[in-house]
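Below is one structure, written out as structure tokens; the observations come after it.
What you see is a predicted model; the values in this text were computed from it and never measured.
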Amino acid sequence: MNLAAFRKRYPERTVAAGRLKWGVIEVAGKKGQPTLVLVPGTLGVADIFWNQIVALKGKARILAITVPPSLSIVKLAEGLKGLFDKLEVDKAHLLGSSLGGFLI
């Protein structure tokens, strides 16, 4: 699968949470599997993790997130909590790069 095929199969959707609009790519897992949340830095978008998503699909519920622009890390953190609540994430494995690592 190449990036164009990935984008067609797994489009990013917009989810409003914490007065911010988050981009989310969600790949469902099977019941009882862990949730993996992938958060890129400010210059990345959710599909930057497309190779990892393809490799791990079927092994976990995967949420790749595009962080919305904001001047406040506190607002982003509050928004991310709201996003997790909305997506029913109560426990997850987290991987972030750059700002994504700082945020999570």
Side-chain angles (χ1 to χ4, degrees):
M1 177 179 296
N2 62 28
L3 180 56
F6 175 85
R7 285 178 173 160
K8 193 176 227 182
R9 183 161 185 187
Y10 301 104
E12 183 175 305
R13 64 185 171 109
T14 301
V15 178
R19 293 189 282 185
L20 297 168
K21 292 183 180 178
W22 301 80
V24 177
I25 296 173
E26 183 171 7
V27 179
K30 297 176 186 149
K31 187 175 182 177
Q33 287 183 323
T35 298
L36 173 62
V37 178
L38 306 168
V39 186
T42 55
L43 298 178
V45 293
D47 67 10
I48 197 167
F49 295 109
W50 75 275
N51 280 306
Q52 292 81 3
I53 294 168
V54 170
L56 295 171
K57 71 178 180 158
K59 295 178 171 75
R61 175 188 182 201
I62 303 169
L63 298 169
I65 297 169
T66 297
V67 178
S70 176
L71 297 176
S72 169
I73 193 70
V74 173
K75 285 184 183 178
L76 286 174
E78 290 169 351
L80 187 60
K81 184 198 178 306
L83 181 65
F84 284 0
D85 290 345
K86 201 170 240 189
L87 298 177
E88 298 180 354
V89 174
D90 59 346
K91 183 177 175 182
H93 298 276
L94 308 170
L95 175 96
S97 63
S98 190
L99 177 69
F102 181 69
L103 179 58
I104 58 175

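Closest heavy-atom contact between S70 and K75: OG-CB, 4.0 Å. G23 and E12 get closest at one heavy-atom pair: CA-OE2, 3.2 Å. Between A17 and G79, the shortest heavy-atom contact is CB-O, 3.8 Å. Of all non-hydrogen atoms in W22 and P68, the two that sit nearest each other are CE3-CD, 3.2 Å. Between H93 and P34 the shortest heavy-atom distance is CD2-CB, 3.6 Å. A pairwise comparison of heavy atoms in A64 and I53 identifies CB-CD1, 3.8 Å as the closest pair.
Inter-residue side-chain proximity for L87 and T35 is flagged as unmet; no heavy-atom pair is nearer than 4.5 Å. Using a 4.5 Å cut-off on side-chain heavy atoms (C-beta onward), V15 and L83 make contact.
Of the possible donor and acceptor atoms, one in the side chain of T66 sits under 3.5 Å from a partner among the backbone N and O of A46.
Taken from CG in N51 to CD1 in I48, the straight-line distance is 10.5 Å, to the nearest 0.5 Å. We find the CD-CD1 distance between E78 and I73 to be 11.0 Å, quoted to the nearest 0.5 Å. With rounding to the nearest 0.5 angstrom, the CZ atom of R7 is 10.0 Å from the CG atom of N2. One distance of note links CZ of F49 with CG of L95; it measures 5.5 Å at 0.5 Å rounding. Distance check: L36 CG to R61 CZ gives 11.0 Å after rounding to the nearest 0.5 Å. Separating the CG atom in L63 from the CD atom in E26 is a distance of 5.0 Å, to the nearest 0.5 Å.
Listed by chain and residue number, nothing satisfies the salt bridge (charged side-chain N to carboxylate O under 4.0 Å, His left out) test with R9 (two or more places apart in sequence, or in another chain).
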